[in-house]
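Remember, predicted model here, so these are calculated numbers, not experimental data. When reading the values below, keep in mind they use all heavy atoms of this one structure, side chains included, and skip hydrogens, waters and symmetry mates.
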Amino acid sequence: MDTWYLLCFLSAIAILVAFANQFFLNMQTTIAITAGAVVLSLLLILSGKVLGNQTAAAISGMLGSVDFKSLLLEGMLGPLLFAGALEIDLRAMRKRRWEITILVLFGTLASTFLVGLFLFWLLGWMGWAVPFIYCLLFGALISPTDPIAVLAIIKQMKAPPSISIQVEGESLFNDGVGLVVFTTIFALAFTSAEPTFGNVAELFLTEALGGIAFGMLLALVGHFLLTKSTDGNIRLLLTFCIPTAGFALANIIGVSGALAMVVSGIFIGNVTRAKAASMGRLSSIRNIRNFWHAVEGVLNAFLFLLIGLLLVILPVTGQQILLGLLAIPAVLLARLISVSLPYAVFQRFRTYDKHSVLILTWGGLRGGLALAMAASIPSGQAYVNGVDLHALILLITYIVVIFSIIVQGSSISPLIRGSIAAQADTQVAAEA
């Protein structure tokens, strides 16, 4: 069985799990798929490694052949970010633009440093001598909240608009910024050149500003073609070209494809959609919207199944599991600090829901993006206490991600319901 067939069968399994979940568990779809995949991984490990089942061992081997990094960072990430950005309300986001900007820039950078510091201390406490730059590398990949995981859950929970726009906006943009920060620290960690402030700033600005500029260029070209086309099917296919060919071109020329997809998706989803509505093309808008909802659903289902199944190919030891479990509160604490500090300033100028900081902290989910970045760390180039840095960071990341999706994702609803109830009480009091 080749890789394409494997991906086809995995996609079918993911969709069937999502279908069965409606009638049995009734959990949030991505959580159910991830949890089911983890259980399946454990069964494959038990059957293949413990009982010696050749079929289970063969399936595990095929899963190991999937290049998760390339599949997500160079493929699925573009359509998923574009689909998520299409649904962003630009007017609502403008009202929260300063909060989102500060959370994206300060929050991501502060969390990167704090997670790196906490991990450095944890490793030192366990007797592992690790260069701080590698701890910062982990901080950079785990700090961005994953838009794929966040949007999938926040949308289904129907969070209040005042909170959902901040969570969605931050997760979409800090994804691109996080990738840029990771790329910068990665270059410092694995190149022999002496880093300078100028080199680091140039790399960061080229990726970030280049991605934003390229995304706007894609959006303008797409807007022109979409408004001039008279064929509904062609218009739908034109939107497909942006997160596929456009995303690939961004990666080739060395700018942030993630930021490019967010910018172009927001522009197409607001400016182009408004223009199309004024031209009487409401049926075309509905078709495009339905198409991207379907694409997003299938890709999300497949991605979260693959996340759960990654357990099969990870080298696991007791000490590394302990380190991963200890990293969970470290990541959450860093997230809490990096959100609380900006909100302490925000509250001087605007009133916020009392659950905002908790929802942003507990709802700051990590997902496939963090795993893809961890998988991109080269194997065999750096070792920690005799353990390959690639394997160590990948396992720690996996534990944090699984906890994030299953535990945080399944327990965020009480906070959101509390926020909805608080807003309802405030509205009733105001009307009275």
Side-chain angles (χ1 to χ4, degrees), residues 3-19 21 27-41 62-87 141-142 144-156 168 171-172 175-176 178-179 240 243-244 247 257-258 261-262 265 292-314 364-376 394 397-406 408-410:
T3 302
W4 172 247
Y5 286 173
L6 177 64
L7 297 180
C8 291
F9 286 129
L10 288 177
S11 299
I13 292 170
I15 294 168
L16 290 174
V17 170
F19 174 80
N21 176 60
M27 298 170 63
Q28 202 282 331
T29 305
T30 53
I31 298 172
I33 291 173
T34 306
V38 171
V39 172
L40 181 58
S41 293
M62 284 186 289
L63 288 170
S65 68
V66 177
D67 188 344
F68 186 75
K69 165 188 165 288
S70 296
L71 182 66
L72 181 59
L73 291 184
E74 298 171 12
M76 294 170 62
L77 185 62
L80 283 167
L81 287 178
F82 182 78
L86 282 175
E87 299 301 317
L141 68 88
I142 206 67
T145 53
D146 192 313
I148 301 164
V150 172
L151 295 178
I153 291 175
I154 289 294
K155 284 179 182 178
Q156 191 161 331
E168 293 170 4
S171 65
L172 281 167
D175 163 60
L179 275 170
F240 191 71
T244 51
F247 183 67
M261 292 307 99
V262 173
W292 280 106
H293 279 168
V295 170
E296 185 180 27
V298 171
L299 290 180
N300 265 327
F302 171 73
L303 175 61
F304 283 95
L305 179 75
L306 197 56
I307 287 173
L309 290 174
L310 278 177
L311 180 61
V312 171
I313 62 173
L314 293 178
L365 307 183
R366 276 72 180 180
L369 181 63
L371 286 167
M373 286 191 278
S376 70
L394 187 57
T397 305
Y398 184 84
I399 292 171
V400 174
V401 166
I402 291 298
F403 178 88
S404 171
I405 295 171
I406 296 178
Q408 292 176 234
S410 60

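Test W292, F240, F247 against F82 for ring-ring contact (aromatic ring centres under 6.0 Å, His included) and you get one pass: W292. In summary, of the residues considered (L80, L371, L71, V298), a side chain to side chain contact (heavy atoms under 4.5 Å, CB included) with L303 occurs for L80 alone.
The structure places CD1 of I31 at 8.0 Å from CG of L365, a figure rounded to the nearest 0.5 Å. The distance from the CZ atom of F304 to the CG atom of L309 is 13.5 Å, given to the nearest 0.5 Å. Here CZ of R366 is found 7.0 Å from CD of Q408. Values are rounded to the nearest 0.5 Å. For the atom pair OG1 (T34) and CG (L310), the distance works out to 10.5 Å, reported to the nearest 0.5 Å. Expressed to the nearest 0.5 Å, how far CG of L179 lies from CE of M373 amounts to 5.0 Å. Once rounded to the nearest 0.5 Å, the distance linking CD1 of I142 with CG of L369 reads 9.5 Å.
Formation of a donor-acceptor pair under 3.5 Å by the S404 side chain with backbone atoms of V400 is not found in this model.
A search for ring-ring contact (aromatic ring centres under 6.0 Å, His included) contacts involving F19 returns F23, not counting sequence neighbours.
The heavy-atom pair separating Y398 from L311 by the smallest distance is OH-CB, 3.3 Å. Nearest heavy-atom pair across A14 and I33 is O-CD1, 3.7 Å. Taking both residues in full, the closest heavy atoms of A375 and L394 are given as N-CD1, 4.0 Å, listed atom of the first, atom of the second, then distance. Among all heavy-atom pairs drawn from A374 and T397, the shortest one is CB-OG1, 3.7 Å. Nearest heavy-atom pair across E296 and A83 is CB-CB, 4.0 Å. Listed here is the closest heavy atom pair of L77 and A258: CD2-CB, 4.4 Å.
Residue pairs that meet the salt bridge (Lys or Arg N to Asp or Glu O under 4.0 Å) test with at least one member in residues 5-15, sequence neighbours left out, do not exist here.
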